[in-house]
Amino acid sequence: MMKKIPPHIDDQLLDYLDGALSEQEKEKIEFMIRNDQALANRLEELRSIDRSMQQLTLEHPSKNFTQVVMHKLDQYPLRSGLTTRNGIILLAGVLVTTIIATLLISAGVFDGKSTTIDLNQIELTGKYISRPLPSIPFNGKMILNVIIMLNLALGFLVLDRAILKPYFQRRMQAGH
Amino acid sequence: MTNDPEFTLIDRILAGEREAYAHLVDRHKSFAYTIAFKVLQNRPEAEEAAQDAFIKAFHYLSGFNRQAKFSTWLYRIVFNTAISYKRKNKQQFQSIENTILEYSQEGDGMLEKTDKKKYLNMALSRLNETDRTAVSLFYLEEFSLDEIADIMKMQANTIKVRIHRARQRLADELKNILHQEALTL
């Protein structure tokens, strides 16, 4: 059975090949290699990989690589994170949510829904905070208004990224 | 700030001389393609990823802050693009071309049993894409460890360790491959 070489010795063998050891470390590892056949074999394996890898050459792309790149320069972005189809679906979702929220508010569903959150009820306050904390008023109607505003902002963003921007880019390219 | 001779060319491109970009592409296409190929191990896909990276680089050129060499910045884009191709197209890109390529390599293998390069490539293909790219960049000797770390967005120490591990793993894999080959003879 082959003797297992400890990882730190394996690392030292690579440093030895790279000439990255001090004179003292070099003498020490050379002594070990002389007295351990498994270590000498491992050094040969690593040296062989080193020699082969040193002959590694660059790969070459197709001959018309540059022409293709130059031709495609106007096609950016090549892949939008949001496709038109997904954008339309997302936009529809945003609109439906906004309409439902607006209908609920106008129907007065959240008119009486208000409460206060008492931070002093949280156990942590007694343990770590000695001073009493204020109560936070919680108004359902206000929260829903904020959600509607955020939805509208998101809707405009999606409309711009997924529909308007690609549309005008296509028109500009068609005009060239 | 680095005084890269390519900055003059970049200034010309940014001033509207778009055709000058072809010089940059010509100069860096082989290295960019090699990086993409080391990550993707598929020629058509590597070509597409490298082209995509050059197009991105052109559009982001005004944002290049010239703190590093242009090549380091460009190859980082190539590496990131290739990695994202790898993630996106894992299942999709089993092209016919690739199948033919693999088949012909297998066929040639009968004639070149002793070809070290073939076994080295087999061993390299058993590494993960990050280790394979790091160790290839190291041996291509174009960049320092710091620059390789910059391209791959990692700490220089992490890259050093990864390259060490990759070399050791390559030695192990090559030994295994040769052992298996010897058994089949």
Side-chain angles (χ1 to χ4, degrees), chain A residues 1-18 20-21 38-81 83 165 169 172-173 176, chain B residues 18-19 21-27 29-38 43-44 46-48 50-60 81 84-85 88 116-117 119-121 123-124 135-142 160-161 163-175 178:
Chain A
M1 179 148 176
M2 285 258 293
K3 186 184 151 191
K4 178 104 178 127
I5 295 163
H8 72 281
I9 302 289
D10 218 20
D11 285 345
Q12 277 192 2
L13 288 175
L14 279 176
D15 287 335
Y16 175 70
L17 281 177
D18 294 343
L21 293 181
L39 224 54
N41 292 343
R42 180 62 173 169
L43 181 68
E44 266 323 296
E45 286 169 13
L46 293 171
R47 188 175 275 143
S48 165
I49 278 292
D50 219 31
R51 278 199 211 107
S52 307
M53 287 296 287
Q54 272 160 7
Q55 286 162 18
L56 202 70
T57 49
L58 285 179
E59 303 284 344
H60 297 288
S62 63
K63 282 181 183 159
N64 65 346
F65 184 93
T66 306
Q67 287 97 304
V68 174
V69 170
M70 294 307 287
H71 180 72
K72 282 184 178 173
L73 283 185
D74 284 329
Q75 292 177 12
Y76 189 81
L78 292 173
R79 292 150 186 246
S80 165
T83 60
K165 210 171 171 182
Q169 268 175 349
M172 273 176 73
Q173 278 167 24
H176 269 295
Chain B
R18 187 189 162 98
E19 293 311 309
Y21 192 62
H23 295 294
L24 281 182
V25 178
D26 268 336
R27 211 174 276 178
K29 64 182 178 187
S30 293
F31 214 96
Y33 175 72
T34 304
I35 293 174
F37 182 65
K38 292 297 168 198
R43 291 190 186 276
E47 175 117 356
E48 202 188 318
Q51 284 170 355
D52 196 358
F54 272 110
I55 295 162
K56 275 184 197 162
F58 177 79
H59 289 279
Y60 295 143
T81 308
S84 64
Y85 263 67
K88 274 185 202 165
K116 257 189 173 179
K117 201 178 169 187
Y119 296 124
L120 181 69
N121 283 334
L124 270 170
V135 81
S136 303
L137 287 175
F138 174 76
Y139 279 105
L140 285 168
E141 290 181 346
E142 180 109 348
K160 196 187 167 198
V161 171
I163 292 170
H164 257 223
R165 296 282 170 271
R167 291 162 80 189
Q168 289 159 346
R169 180 97 204 271
L170 272 179
D172 294 338
E173 292 293 352
L174 193 64
K175 194 166 66 178
L178 292 175

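Every chain is numbered from 1, with letters handed out A, B, ... down the list of sequences. Nothing here was measured: the structure is a model prediction, and the numbers come from that model.
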A.B. asks: Could you check which of L140(B), V161(B), L174(B) has the highest count of heavy-atom pairs closer than 4.5 Å to chain A?
C.D. replies: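 Of L140(B), V161(B), L174(B), L140(B) has the most heavy-atom pairs under 4.5 Å with chain A.
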A.B. asks: Which pair of non-hydrogen atoms, one from A22(B) and one from T66(A), has the smallest distance, and what is that distance?
C.D. replies: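 So the two residues come closest at O-CG2, 3.7 Å.
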A.B. asks: Kindly indicate whether the side chain of H164(B), heavy atoms from C-beta on, has any atom under 4.5 Å from the side chain of D15(A).
C.D. replies: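 Result yes, sub-4.5 Å side-chain heavy-atom pair found.
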A.B. asks: Salt bridge or not between K160(B) and D11(A)? Use side-chain N to carboxylate O under 4.0 Å.
C.D. replies: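 D11(A) and K160(B): not salt-bridged.
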A.B. asks: Less than 4.5 Å apart, any side-chain heavy atom of N41(A) and any of K175(B)?
C.D. replies: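 They are not in side-chain contact.
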A.B. asks: Give the minimum heavy-atom separation between R167(B) and I49(A), together with the two atoms involved.
C.D. replies: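 Closest pair (atom of R167(B), atom of I49(A), distance): O-CG2, 4.2 Å.
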A.B. asks: For chain B, which candidate among Q67(A), E59(A), M70(A) shows the most heavy-atom pairs at distances under 4.5 Å?
C.D. replies: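 Ranked by contacts with chain B, first place is E59(A).
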A.B. asks: Testing the basics here: between A171(B) and L46(A), what is the closest heavy-atom pair and its distance to 0.1 Å?
C.D. replies: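 Smallest heavy-atom distance, with atoms named: CB-CD2, 3.9 Å.
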A.B. asks: Can you sort out the partners of E44(A) under side chain to side chain donor-acceptor pair (under 3.5 Å), two or more places apart, ordered by chain and number?
C.D. replies: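 Listed in chain order: R47(A).
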A.B. asks: Under 4.5 Å from any heavy atom of chain A, what part of A50(B) do you find: side chain, backbone, both or neither?
C.D. replies: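 For A50(B), heavy atoms of backbone and side chain both lie under 4.5 Å from chain A.
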A.B. asks: So which part of E19(B) gets closer than 4.5 Å to some heavy atom of chain A, the side chain, the backbone, both or neither?
C.D. replies: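 For E19(B), backbone and side chain are both near chain A.
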A.B. asks: Considering only heavy atoms and a distance below 4.5 Å, find which of M53(A), Q54(A), H60(A) pairs most often with chain B.
C.D. replies: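 Between M53(A), Q54(A), H60(A), the count favours M53(A).
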A.B. asks: Can you tell which of V135(B), D172(B), I35(B) has the highest number of heavy-atom pairs within less than 4.5 Å of chain A?
C.D. replies: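 Most pairs with chain A among the choices: D172(B).
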A.B. asks: So what's closer than 4.5 Å to chain A heavy atoms on R165(B): side chain, backbone, both or neither?
C.D. replies: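 Side chain of R165(B) only, per the 4.5 Å heavy-atom cut-off to chain A.
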A.B. asks: Do any pairs count as a salt bridge (Lys or Arg N to Asp or Glu O under 4.0 Å) and have a residue in residues 62-71 of chain A, sequence neighbours left out, and if so which ones?
C.D. replies: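 Every candidate salt bridge (Lys or Arg N to Asp or Glu O under 4.0 Å) pair involving residues 62-71 of chain A fails, so no pair, neighbours aside, qualifies.
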A.B. asks: D50(A) versus chain B, heavy atoms under 4.5 Å apart: side chain, backbone, both or neither?
C.D. replies: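 It is both, since atoms from each part get that close.
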A.B. asks: If only atom types and distance count, is the side chain of E47(B) paired as donor or acceptor with the main-chain N or O of S62(A) below 3.5 Å?
C.D. replies: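 Confirmed, E47(B) side chain pairs with S62(A) backbone.
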